[in-house]
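Written out below as structure tokens is the structure these notes cover.
This structure is a prediction, so every number in the text was calculated from the model and none was measured.
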Amino acid sequence: MLPDGRWWLDDEGNRRSANDGQFVGRTLAERRHAFRHLGLVEINVSRAFVHAAWDVRRVALGSLLAAFEALSIRPQETTVFLDTYFGGWNREIFLNRNLALERMGSLAGYKDTEPYGGIKVQYRDPVNVREEGDMIRSAFERWDRNRVFTNAGEMEEPFSRFALIFRPDKRDERLEFSYIGADSAAVRVFGEDWARTAIGREACRSQPDFEFDDRVCAAYGEVLRTGEPHVDHVRAPIRRDGADPVWVPYRRLVLPAETPSGTPLVISVCDVRQDIAIPFMSA
């Protein structure tokens, strides 16, 4: 039985402590080497959860089998976090050990598959917007009651914490950030330092990943032109400076609005969640 703690599992199923940084260092380069060249699995075991991480295409069979065995003897109600690298890091959360074991088995089948590295967007009919979860539904209903907003600080939730708000610049040539909610998906992905510098910058050239910017910003311009809500699901590999890319899956609502003086606004609310219409391995 694998004791509680953080461990590296090698290709022979042996465990080495991951706490002291002696077996595998803590730098990004050392961790990349462990996952992609040595094929190790990193696993954190506690009474409440198991957290395992590995590279789907590079993992050694012995390492993966050791992680599978360690999880298989945990209580069935164990919460399991699976972090897997397949063109980027992706996190899946399971509240049942057996479901997590089943997923580990299915992931092994992608070892020889080349991951798709682009962004996938699936349009959703706005007529069904209330079926997109509590956050999206609440945002839509708040907008539907009153499409005029004085400023973001006076908005009801979920706008005040989760919204991004854009307005045309003085020459009406581009959309720029006018408000970024502290708990918005963009802050979660790109960080607070990015948010502090993004206000007033062009919406489509504010993030380290220009490909991501170009694809997701198309909806902002569309909503500004048509005056109609836009709903979609997005699964995107986000590339960040000095870090591995991460897959970010989310449901998005983009809304047209205006200030009391008639200045047009575009509001975006994103709900980061696993259950979107685009499966992880199809992306």
Side-chain angles (χ1 to χ4, degrees), residues 28 31-32 35 51-57 80-94 103 107 110 113-124 132-136 139 158-159 161-166 177 179-198 201 203-220 223 230-255 266-283:
L28 178 60
R31 291 179 59 80
R32 281 176 174 169
F35 287 120
H51 182 180
W54 70 93
D55 186 313
V56 170
R57 302 185 69 225
V80 183
F81 300 84
L82 300 183
D83 284 359
T84 50
Y85 190 89
F86 189 74
W89 285 103
N90 183 70
R91 170 166 291 184
E92 297 175 291
I93 303 172
F94 301 89
R103 180 57 169 159
L107 288 168
Y110 288 87
T113 303
E114 185 70 26
Y116 172 74
I119 299 168
K120 282 208 170 183
V121 180
Q122 184 176 111
Y123 174 78
R124 309 283 283 184
E132 294 294 342
D134 292 344
M135 182 188 295
I136 299 296
F159 286 114
R161 292 192 294 124
F162 300 109
L164 301 177
I165 302 180
F166 314 95
F177 281 97
Y179 174 80
I180 299 174
D183 293 325
S184 63
V187 172
R188 290 172 59 183
V189 173
F190 295 106
E192 294 179 359
D193 290 342
W194 166 83
R196 282 190 287 270
T197 63
R201 294 172 58 186
C204 294
R205 283 295 180 266
S206 64
Q207 298 164 348
D209 191 335
F210 283 177
E211 180 190 357
F212 173 75
D213 267 345
D214 289 340
R215 287 292 304 276
V216 301
C217 282
Y220 306 149
V223 167
H230 175 98
V231 182
D232 58 21
H233 289 191
V234 180
R235 188 177 291 277
I238 307 300
R239 297 167 180 85
R240 305 166 296 167
D241 293 337
D244 282 336
V246 293
W247 284 102
V248 180
Y250 59 90
R251 303 182 181 199
R252 180 175 63 160
L253 172 66
V254 185
L255 299 165
V266 174
I267 301 173
S268 175
V269 177
C270 296
D271 186 7
V272 178
R273 53 195 294 168
Q274 295 181 55
D275 57 334
I276 67 171
I278 308 169
F280 169 43
M281 287 305 188
S282 75

Nearest 0.5 angstrom please: [X] [atom1] to [Y] [atom2], how far?
X	Y	atom1	atom2	answer
Arg161	Ser184	CZ	OG	11.0 Å
Tyr179	Ile165	OH	CD1	7.0 Å
Phe162	Arg188	CZ	CZ	8.5 Å
Arg273	Glu132	CZ	CD	8.0 Å
Asp244	Arg239	CG	CZ	11.5 Å
Trp247	Thr84	CH2	OG1	11.0 Å

Decide yes or no for [X] and [Y]: does some side-chain heavy atom of the first lie under 4.5 Å from some side-chain heavy atom of the second?
X	Y	answer
Phe81	Ile93	yes
Arg235	Ile276	yes
Ser268	Tyr220	yes

Check your understanding: Where does the angle between the aromatic ring planes of Phe166 and Phe177 fall among parallel (under 30°), tilted (30 to 60°) and perpendicular (over 60°)?
Key -> tilted
Review point. Are Asp55 and Arg32 within salt-bridge range, i.e. N to O under 4.0 Å?
Key: no
Practice item. State whether Arg252 and Asp232 are salt-bridged, where the test is any N-O pair (Lys NZ or Arg NE/NH1/NH2 against Asp/Glu carboxylate O) under 4.0 Å. Key: yes
Practice item. Please name all residues satisfying side-chain contact (heavy atoms from CB on, under 4.5 Å) with Glu114, sequence neighbours left out, ordered by chain then number. Key: Arg57
Of the non-hydrogen atoms in [X] and [Y], which two are nearest, and what is the gap between them?
X	Y	result
Val272	Ala185	CG2-CB, 3.5 Å
Ile119	Pro237	CG1-CD, 3.9 Å
Ala195	Ile180	O-CD1, 3.8 Å
Val248	Ile238	CG2-CG1, 3.5 Å
Arg124	Ala277	NH1-CB, 3.5 Å
Gly87	Pro245	O-CG, 3.8 Å

Practice item. Would you mind listing every salt bridge (charged side-chain N to carboxylate O under 4.0 Å, His left out) that reaches into residues 84-93, with sequence neighbours excluded? Key: Asp83-Arg91, Glu92-Arg103
Revision key, fill the gap. Ring pair (Phe, Tyr, Trp, His ring centres under 6.0 Å) with Phe35: of Phe86, Trp89, Trp54, Tyr85, only one passes, and it is Trp89
Exercise for review: Identify which one of Val223, Val231, Ile267 satisfies the side chain to side chain contact (heavy atoms under 4.5 Å, CB included) criterion when paired with Val254.
Suggested key: Val223
**Study point:** Worked check of side-chain contact (heavy atoms from CB on, under 4.5 Å) between Val189 and Trp194
**Key:** CA-CA 10 Å; Val189 173; Trp194 166 83; over 6 Å; no
Check your understanding: What do you reckon, are the aromatic ring centroids of His230 and Tyr123 less than 6.0 Å apart?
Key -> yes
